[in-house]
J.: 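My questions will all concern the structure given below.
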Amino acid sequence: MKKALKIFGFLLAALALIIALIAAWVKLTPMPVYEVKPPQVVIPTDSATLERGKKVAELVCAHCHLGEDGKMSGRLFSQATDPFGEMWTSNITQHPTKGAMSRYSDGELAYLVRTGINREGRVVGYMMCHPQMSDEELGAVIAYLRSDAPMMQPSEVEHPAPEYLNSFLVKALIKFGVFKPLPYDGQPKSAPPMTDQVAYGRYLATDIYECGVCHSASFETFDLITPEKSPNFMGGSNPVPDHDFNLVASANITPSKDYGIGTWTKEQFSAAVRTGQRPDGTILKPNMPRFAPLNEQEIDAIWAYLQTVPAIEQAAVLPTSSK
Ligand code: HEC
Ligand code: HEC
């Protein structure tokens, strides 16, 4: 009996030592640095593509990067009380020392958008990742970022470094490879043709305008590579913050007649997405961005695609942990 206790005590001590060693490794060793392999970026010249790049930058990048000065100077993105701590989105204007555009080459920007790895080789997260965006569209977004658009003009604004750089949890997630670069094989990427309405709508809804990221179970569980595999795909219930961090559950936008938008017409859908007005006249919370610049062809394609998504027969509600 005594001997068994002794062995048990020894095992316990060995286990404690192993845990302490792993914890020390996570805490004390530097963050992994990944190799940055900037692809060749071709900047499109035709006006229709450049117009799409402007739209994507102003609807998607600006959603997070638009600052109080009306430029892409960054804003508070998460609070100190959030799991990953306080984080500001970066100043990505053309300021010669304070804006990211002056540091990044086109290839490095493309690599960041494809993989979530910044130009120093650090994992900065998947917030700006669009692994399936076509090369053409990505080139057009970059053209916009370097253009004389008012939003991109130099801004002096500076923000503190993100707290997560010192967070044990984030360090552990990065070091154990939970947060790692998204796979990118460097192969050319193209968009489905606009004439293939459902495929093009899927591309817009899941790969470009992030309807899927917000309208599935959570940002953390969304699968950027195979969006349909994401839990509660388009069924809503993701707690989405507004700019003041008030949470609202994203809506169920599957064709469910009881819980989704199965009884809506395309015109009602278009009004909700562009202006924020529901069929019953109520106004959507600002947690849902307004996609006013989407043209009819884009709305029609997204609508056609959403009709093909399996209905989720469940009401969208905030998860209890976030109430
Ligand atoms: C969901 C929010 C979100 C969206 C959308 C977003 N970003 Fe960001 N971006 C962030 C956050 C947060 C950071 C800061 C990350 C950090 O400091 O670790 C950041 C940082 C950056 C950086 C600087 C990275 C570095 O080296 O530190 C660049 C460049 C950038 N974003 C470009 C873009 C572009 C281009 C788009 C549009 C395709 C975009 N972002 C869309 C949230 C977002
Ligand atoms: C930043 C996150 C976010 C993005 C991106 C987003 N949505 Fe939403 N959406 C929401 C939230 C949150 C609500 C619920 C708002 C409320 O309850 O007032 C919502 C509501 C809606 C509604 C109203 C549904 C209802 O039953 O009231 C529709 C339709 C909709 N979104 C479609 C879309 C489409 C299409 C896209 C892509 C073009 C999209 N959303 C992108 C967060 C988002």
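Only heavy atoms go into these numbers, but all of them, side chains included; no hydrogens, no water, no symmetry mates. Sequential numbering from 1 along the given sequence is applied to the chain's residues. What you see is a predicted model, and the numbers here were worked out from it, not measured in a lab.
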J.: Rounded to the nearest 0.5 Å, how far apart are CZ of Arg146 and CG of Asp148?
T.: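 Separation between the atoms: 14.0 Å.
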J.: Check this for me, if you would: do Asp300 and Lys266 make a salt bridge, where the nitrogen-to-carboxylate-oxygen distance has to be below 4.0 angstrom?
T.: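 Counted as a salt bridge, because a side-chain N and a carboxylate O are separated by less than 4.0 Å.
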J.: Using distance alone, with no hydrogens and no angle criterion, decide if Tyr126 and Glu220 have a side-chain donor and acceptor under 3.5 Å apart.
T.: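 The answer is no; no qualifying pair exists.
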J.: Heavy atoms only: give me the nearest Asn91-His159 pair and the separation to one decimal.
T.: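 Residues Asn91 and His159, closest heavy atoms: N-CD2, 4.3 Å.
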J.: Might you point out which heavy atoms bring Met133 and Val141 nearest each other, and give the distance in Å?
T.: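 So the two residues come closest at SD-CG2, 4.3 Å.
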J.: Kindly give the heavy-atom pair with the smallest separation between Ile142 and Asp106, and that separation in Å.
T.: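 In terms of heavy atoms, the two residues are closest at CG2-OD1, 3.4 Å.
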J.: Would Phe77 and Trp88 count as a ring-ring contact (aromatic ring centres under 6.0 Å, His included) here? Give the steps.
T.: CA-CA 5 Å; Phe77 178 69; Trp88 291 76; over 10 Å; no
J.: Decide yes or no for Trp303 and Ile261: does some side-chain heavy atom of the first lie under 4.5 Å from some side-chain heavy atom of the second?
T.: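 Heavy-atom side-chain distance check passes, below 4.5 Å.
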J.: Between Asn118 and Glu120, does any side-chain donor sit less than 3.5 Å from a side-chain acceptor?
T.: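 A pair is found: one side chain offers a donor N or O, the other an acceptor, under 3.5 Å apart.
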J.: Evaluate Ser218 against Asn238 for side-chain hydrogen bond (donor to acceptor under 3.5 Å, both in side chains), listing each step before the verdict.
T.: CA-CA 5 Å; Ser218 76; Asn238 186 359; 5.5 Å; no
J.: Within a radius of less than 6.0 Å around CD of Gln314, do more than 12 heavy atoms belonging to other residues, nucleotides or ligands occur?
T.: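 For Gln314, atom CD is not crowded (no more than 12 foreign heavy atoms under 6.0 Å).
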J.: With side chains defined as the heavy atoms from C-beta onward, is the minimum distance between Glu51 and Tyr144 less than 4.5 Å?
T.: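 Heavy-atom side-chain distance check fails, nothing below 4.5 Å.
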J.: Any side-chain donor paired with an acceptor under 3.5 Å for Glu298 and Tyr209?
T.: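 Yes, because at least one side-chain N or O of Glu298 sits under 3.5 Å from a partner of the opposite role on Tyr209.
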J.: Between Glu137 and Thr49, is any pair of side-chain heavy atoms under 4.5 Å apart?
T.: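 Result no, sub-4.5 Å side-chain heavy-atom pair not found.
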J.: Between Gln79 and Met87, is any pair of side-chain heavy atoms under 4.5 Å apart?
T.: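 Contact flag for Gln79/Met87 side chains = no.
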J.: Give a yes or no answer on whether the side chain of Thr226 reaches the backbone of Glu228 with a donor-acceptor pair at less than 3.5 Å.
T.: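 Side chain of Thr226 to backbone of Glu228, a donor-acceptor pair under 3.5 Å: no, none is there.
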J.: What distance do Met72 atom CE and Leu66 atom CG have between them, rounded to the nearest 0.5 Å?
T.: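 Answer for the CE-CG pair, Met72 versus Leu66, is 7.0 Å.
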J.: When the side chains of residues 23-37 are checked against the rest of the protein, which donor-acceptor pairs come out under 3.5 Å, sequence neighbours left out?
T.:
| unit_1 | atom_1 | unit_2 | atom_2 | d |
| --- | --- | --- | --- | --- |
| Thr29 | OG1 | Trp25 | O | 2.5 |
| Thr29 | OG1 | Lys175 | NZ | 3.0 |

